[in-house]
2 protein chains.
Amino acid sequence: MEKTQPTAHLSFDRPLVTVDVVVFTVRQERLQVLLVQRPAAPREPFPGAWALPGGFIDTGADRTLLACARRKLKEKTGVASPYLEQLGSWGSATRDPRGWSATHAYFALISMPAEREPQSGAPVQQWMPIEDAMRRKLAFDHGEILEAALARLRSKAEYTSLPAFLLPEPITLPQLQQTYEIVLGRVLDKSAFRRRMLDAGFLEEAGSVVGPGGRPAQGYGIVDRSAATVFPRTFKSGEA
Amino acid sequence: MEKTQPTAHLSFDRPLVTVDVVVFTVRQERLQVLLVQRPAAPREPFPGAWALPGGFIDTGADRTLLACARRKLKEKTGVASPYLEQLGSWGSATRDPRGWSATHAYFALISMPAEREPQSGAPVQQWMPIEDAMRRKLAFDHGEILEAALARLRSKAEYTSLPAFLLPEPITLPQLQQTYEIVLGRVLDKSAFRRRMLDAGFLEEAGSVVGPGGRPAQGYGIVDRSAATVFPRTFKSGEA
DNA sequence: TCAATAGTGTCTATTAGACAATATACT
DNA sequence: AGTATATTGTCTAATAGACACTATTGA
């Protein structure tokens, strides 16, 4: 893994290392992402700009990258155990004006009812519809990271149960379908959708739930919250 | 992204940062991975153990993480532009006895005929069948990384053209099928396989190629070497 | 009984797998 | 011709999408 000379490389220039988290949720029938505002101090890079929540690894407190991501998420959202997966890493000599830096990006899906107050006196933060967030110039290369996160969410929505993690339990199939439609940006057939979800076996029945009017819907829970279930096919395979 | 105090965090403890590459190829009808032997000096971590090729980022020479991965790959294999994608990152306080460290793992597929001599006086290296590699205790958490790489390769082989990058052009369909079978560890139906590959449209005809005996096979080139093509379905969707 | 929403049934076009048949090379 | 391999054709079962229909609630 490392070079040949005994401990010479320990004096290598060490890059700055951070962890950033792209947190998605569905609010007001729109897909939204959590952003924080950078401090206004002129010594800081990108003063006042919107950025993804994240920051330096605390080598004293964080045992692993994942633990660091969880900590930052907890600090900003109060949510302790959401769906969280690694997105990728971005590193270069130029992405941070302070020097060579590498960030480990994570990807979280949370449901809104679980929303709580942030714990610490954190900088200004807010939920922003993704279309708005993509339009802005975010700090660092966070625009690129957000784009990658969105691409992954949409891609996985085509063949996995991932969007289910955007909803609070109990989940109803009409709700879930609406969520898929918001993420994918197109309408889906009701009958085919239900068959697909139910056949996939990631839902388990859990007491009925009323709706605004009309017939109440069956509620479901997610069998395994640690990972999304993969469907055998993509949504609209035909098309050609 | 970062904390609030002006430049205080620049004095944060910086983790060690490395890049490792999992290089796969098919040799002798088996899936193999490239490993290097760690220096024997007792001051080094894991002396003499097998490890993934990789090492510290050279903040002076490497402009980006990807460039760093490319450099390391070139040094070990002589291959300049193989299929290369990011696999993920692993970081913790304990993975390297020298201190908090994070590695950015990449994933490369190369074809054997392109094999050349390594450029520098590098440490001992060799191709090893994955079964053998998985059995050994690799240095650091490289066993875990290799496992993740293998899982991704097998997973993507189910629904993308990825295994095509393991072959030199011109590629024949029988060759490609054999490669899929090696990666997936099961036999596939010839007719269905050909339809799948040809319909996906990632191959373009390129002069015939002879085989050991019998009818010669049509040769194909890969239209776009920068990314794998995604099939609309998984291989054996039925099964239930 | 009507409006609203949830859930089911059925038909059809597509297609992956199975496997038989045919084509083209070399000896 | 005979052997070896590549390539194509056909049949069938599975299933996704389309869409009409039924069910269950509240007003």
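Throughout, protein chains are lettered first and strands after them, A, B, ... in sequence-line order, and every chain is numbered starting at 1. Only a predicted model underlies this, so the values are computations on that prediction, with no experimental measurement involved.
Thr103(B) and Thr18(B) form a side-chain donor-acceptor contact under 3.5 Å, judged by distance and modelled atom types alone.
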Cut-off 3.5 Å, no hydrogens considered: what does the side-chain donor-acceptor table look like for residues 169-182 of chain A, sequence neighbours left out?
unit_1	atom_1	unit_2	atom_2	d
Glu169(A)	OE2	Ile222(A)	N	3.1
Glu169(A)	OE2	Arg225(A)	NH1	2.6
Thr172(A)	OG1	Gln175(A)	N	3.2
Gln175(A)	OE1	Thr172(A)	N	3.4
Gln177(A)	NE2	Glu181(A)	OE2	3.3
Gln177(A)	NE2	Leu188(A)	O	2.8
Thr179(A)	OG1	Gln175(A)	O	3.0
Tyr180(A)	OH	Thr160(A)	O	2.6
Glu181(A)	OE2	Leu188(A)	N	2.8

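dA16(D) atom P lies 14 Å from atom OH of Tyr180(A), rounded to whole Å. Between the CG atom of Leu203(A) and the P atom of dG7(C) there is a distance of 12 Å, given to the nearest Å. Rounding to whole angstrom units, CD1 of residue Ile171(A) and P of dA6(C) are separated by 15 Å. Between the CG atom of Asp189(A) and the P atom of dG7(C) there is a distance of 15 Å, given to the nearest Å. Residue Gln178(A) contributes atom CD, which lies 15 Å from atom C1' of dA4(C) at whole-angstrom precision. dA6(C) atom C1' lies 14 Å from atom CG of Leu176(A), rounded to whole Å. As a whole-Å value, the separation of Phe231(B) CZ from dA16(C) C1' is 13 Å. dT5(C) atom C1' lies 8 Å from atom NZ of Lys190(A), rounded to whole Å.
For the side-chain contact (heavy atoms from CB on, under 4.5 Å) test, residues two or more places apart in sequence or in another chain that qualify with Ala133(A) are Val33(A), Leu35(A), Met128(A), Leu146(A). The ring pair (Phe, Tyr, Trp, His ring centres under 6.0 Å) check on Tyr83(B) picks up Phe165(B), with sequence neighbours excluded. For Asp199(A), the side-chain contact (heavy atoms from CB on, under 4.5 Å) test picks out Arg195(A), with sequence neighbours left out. In terms of the salt bridge (Lys or Arg N to Asp or Glu O under 4.0 Å) criterion, residue partners of Arg30(B) (sequence neighbours excluded) are, by chain and number, Glu131(B). For Asp224(A), the side chain to side chain donor-acceptor pair (under 3.5 Å) partners are Ser226(A), not counting sequence neighbours. With sequence neighbours left out, the side-chain contact (heavy atoms from CB on, under 4.5 Å) criterion links Ala200(B) to Phe202(B), Thr229(B), Phe231(B).
DNA chain C lies under 4.0 Å from at least one heavy atom of each of the following residues of residues 191-199 of chain B: Ser191(B), Ala192(B), Arg195(B). Residues from residues 213-221 of chain B placing a heavy atom under 4.0 Å of any atom in DNA chain D, listed by number, are Gly213(B), Gly214(B), Arg215(B), Pro216(B), Ala217(B), Gln218(B).
A salt bridge links Glu85(B) with Lys156(B): at least one charged nitrogen is closer than 4.0 Å to a carboxylate oxygen.
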